[in-house]
Amino acid sequence: MDPRELIRRHDKQAQDAEDAAVAEIVGPVENAFTALWRWLLRTWNRLFGKPADIANGKPLRSFLDDLIERIVGVGLDPVDAMLHHAQRARLLGADQGAREIGLPTLADPGEVERGTREAIERGVRWAQEKLETGAAELDRLRDATLDQVLARASVARQANAILERTARTAWNAELNAGIREAAKASGARLVWVAERDACVDCLAQSGQVIDWDGQFNPARTFGKKARVFHGALHGPPRHPNCRCRVTPWLGHDTEGALSVTHDWADAIKEAEAKGDTVAADAARRAAAAAADSASFDLPASLRREAERSILRGDKLPSESENIRLRAADRLLARIGSGKNSRSPSGWQVPASVKKRAEKAVQRGRFTR
């Protein structure tokens, strides 16, 4: 059985929940800025006329004072809301991780981690600093066109993007922390699962396996050099806005997978003898999940998918085409030109895939 389908469903569920949480956290701030922009444009037109006209003197001073007051009045205090949703993400991760190995949901996956709390507080402080910087730059104007006013006000509006990035990164950090707790409870290991269009650093992690309390190697990359990562990389997020995840894994050998936590057959018999149908059903599900894990080499499959993604040039708009082209060129060099040559993961790359990647590198762009 291929466990990737359940992981995909869980990933979609998590991303939908993340989007809803971000809308609740950041939506009011975005709405405030949208209203502020409408006021700014409407008021400029009424007081000063054309956008290219230069405003100065007392009318400009009065207008800027009003604008600054409105910017400062946006108000940013989403720390509690972010922590609330981070805890929800942790609970969801624990539930999904347990389901992915056939165990009951954890009763208590723990509280939001200290590092997540600190990251939320840093992000909110940074957003507040953007408001203050934008206001200070507006205050220094003595004459200005509309474009100059908008440029300085836009510094303050960066606070919205900072809050969204902070909220998304915190959500994913705690989702994966919850999954890690499920792995800890079952004695399973963890496998990195990258999105198909993840960055070259995250794709290099996909299919890598660690103990539940271990660390991934942050130096892995399909690129020339991995971006710097500070601290221990226990799992995603590898970078801001990262949407990779981990999944518990019971191993690819039948003997190891069936004996990771305990002898499931004895556990089923013991539960049935006590009349505990809930425990018996949970043990059966865990035994089935262990058997499925033994029959499918998930890490190898994920590593093949990552290499295929590099050779196809799948990417998000945030990553440049040149980075992917250079990554494909490096991977092709490692695969070699032989008819039966294999990729670093052991995958015998189809000739059509190699040829398509080679043509993309030669012409300097991938076809979509």
Side-chain angles (χ1 to χ4, degrees), residues 11 14-15 18 22 86 89 113-116 118-127 129-130 158 161-177 179-180 190-210 214-247 299 302-303 305-334 343-345 357 360-361 364-366:
D11 196 37
Q15 290 193 14
E18 176 189 324
V22 169
E113 296 184 345
R114 179 180 177 181
T116 303
E118 292 174 349
I120 288 173
E121 291 168 355
R122 282 197 305 272
V124 172
R125 283 198 302 271
W126 187 18
E129 289 169 4
K130 287 296 182 182
Q158 292 173 19
I162 293 169
L163 291 180
E164 179 173 350
R165 182 170 59 187
T166 301
R168 290 193 183 280
T169 306
W171 172 277
N172 201 21
E174 289 304 309
L175 178 82
N176 282 285
I179 297 172
R180 193 160 57 245
L190 288 171
V191 183
W192 190 296
V193 184
E195 294 182 290
R196 186 187 68 180
D197 52 5
C199 71
V200 293
D201 294 344
C202 287
L203 281 172
Q205 298 291 352
S206 200
Q208 300 302 314
V209 185
I210 62 169
Q215 300 177 28
F216 292 95
N217 179 4
R220 288 186 178 276
T221 183
F222 281 110
K224 184 177 181 180
K225 185 177 181 181
R227 72 185 77 185
V228 175
F229 184 87
H230 299 287
L233 184 60
H234 295 294
R238 171 71 175 78
H239 52 82
N241 289 326
C242 176
R243 274 185 157 176
C244 294
R245 62 185 287 130
V246 288
T247 187
L302 293 170
R303 290 193 291 271
E305 285 185 358
E307 289 169 344
R308 184 184 293 272
S309 174
I310 291 295
L311 295 175
R312 285 173 53 87
D314 299 326
K315 73 178 189 67
L316 293 172
S318 56
E319 192 167 46
S320 77
E321 185 94 333
N322 285 337
I323 288 176
R324 299 305 281 238
L325 287 166
R326 289 194 292 269
D329 193 28
R330 290 189 187 92
L331 182 54
L332 286 168
R334 295 183 67 185
S343 73
S345 71
V361 171
R365 64 180 177 83
F366 290 98

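Computed from a predicted model, the values in this text were never measured in an experiment.
A donor-acceptor pair shorter than 3.5 Å can be found between the side chains of Q208 and R220.
Judged by distance alone, the side chain of Q205 and the main-chain N or O of N217 form a donor-acceptor pair under 3.5 Å.
Partners of T166 according to the side chain to side chain donor-acceptor pair (under 3.5 Å) rule, which considers only residues two or more places apart in sequence or in another chain, do not exist here. In this structure, the side chain to side chain contact (heavy atoms under 4.5 Å, CB included) partners of A173, at least two apart in sequence or on a different chain, are T116, P237. Taking A177 as the reference, R90, E113, E174, R180 meet the side chain to side chain contact (heavy atoms under 4.5 Å, CB included) condition, with sequence neighbours excluded. By the side chain to side chain contact (heavy atoms under 4.5 Å, CB included) test, A232 pairs with Q215, H234, sequence neighbours left out. Under the rule for a ring pair (Phe, Tyr, Trp, His ring centres under 6.0 Å), the partners of W192 that lie at least two apart in sequence or sit in another chain are F216.
Under a 4.0 Å N-O distance rule, the pair E129/R125 does not qualify as a salt bridge.
What you find for C242 and C202 is that their closest heavy atoms are SG-SG, 3.9 Å. When all heavy atoms are compared, the tightest approach of V209 to P299 is CG2-CG, 3.6 Å. Taking both residues in full, the closest heavy atoms of P218 and F229 are given as CB-CB, 4.0 Å, listed atom of the first, atom of the second, then distance. Nearest heavy-atom pair, F366 versus L311, reported as atom, atom and distance to 0.1 Å: CE2-O, 3.5 Å. Summarising the geometry of P344 relative to L331, their closest heavy-atom pair is CD-CD1, 3.6 Å, with the distance given to 0.1 Å. When all heavy atoms of G207 and R303 are compared, the closest pair comes out as O-NH1, 2.9 Å.
Two residues are said to be in side-chain contact when any heavy atoms from C-beta on lie closer than 4.5 Å; T247 and L190 fail this criterion. Counting heavy atoms from C-beta outward, E305 and S206 have side chains that stay 4.5 Å or more apart.
Residue pairs meeting the side-chain hydrogen bond (donor to acceptor under 3.5 Å, both in side chains) criterion with at least one partner in residues 194-204, sequence neighbours excluded, are Q15-E195, D201-T221, D201-R227. Applying the salt bridge (charged side-chain N to carboxylate O under 4.0 Å, His left out) rule to pairs touching residues 162-172 yields E18-R168, D19-R168, E164-R168, sequence neighbours excluded.
Rounded to the nearest 0.5 angstrom, I310 CD1 and R312 CZ are separated by 12.0 Å. Within the model, atoms CH2 of W126 and CD1 of I162 stand 4.5 Å from one another, a figure rounded to the nearest 0.5 Å. Distance check, rounded to the nearest 0.5 Å: CG of N172 to SG of C244 gives 7.5 Å.
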Residues 322-330, side-chain donor-acceptor partners within the protein, below 3.5 Å, at least two apart:
residue : atom : partner : partner atom : Å
R324    : NE   : D314    : O            : 3.4
R324    : NH1  : A198    : O            : 2.8
R324    : NH1  : D314    : O            : 3.1
R324    : NH1  : E319    : OE1          : 2.6
R324    : NH2  : S309    : OG           : 3.4
R324    : NH2  : D314    : O            : 2.4

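When each of L302, I210, V246 is tested with V191 by the rule side chain to side chain contact (heavy atoms under 4.5 Å, CB included), just one qualifies, namely L302.
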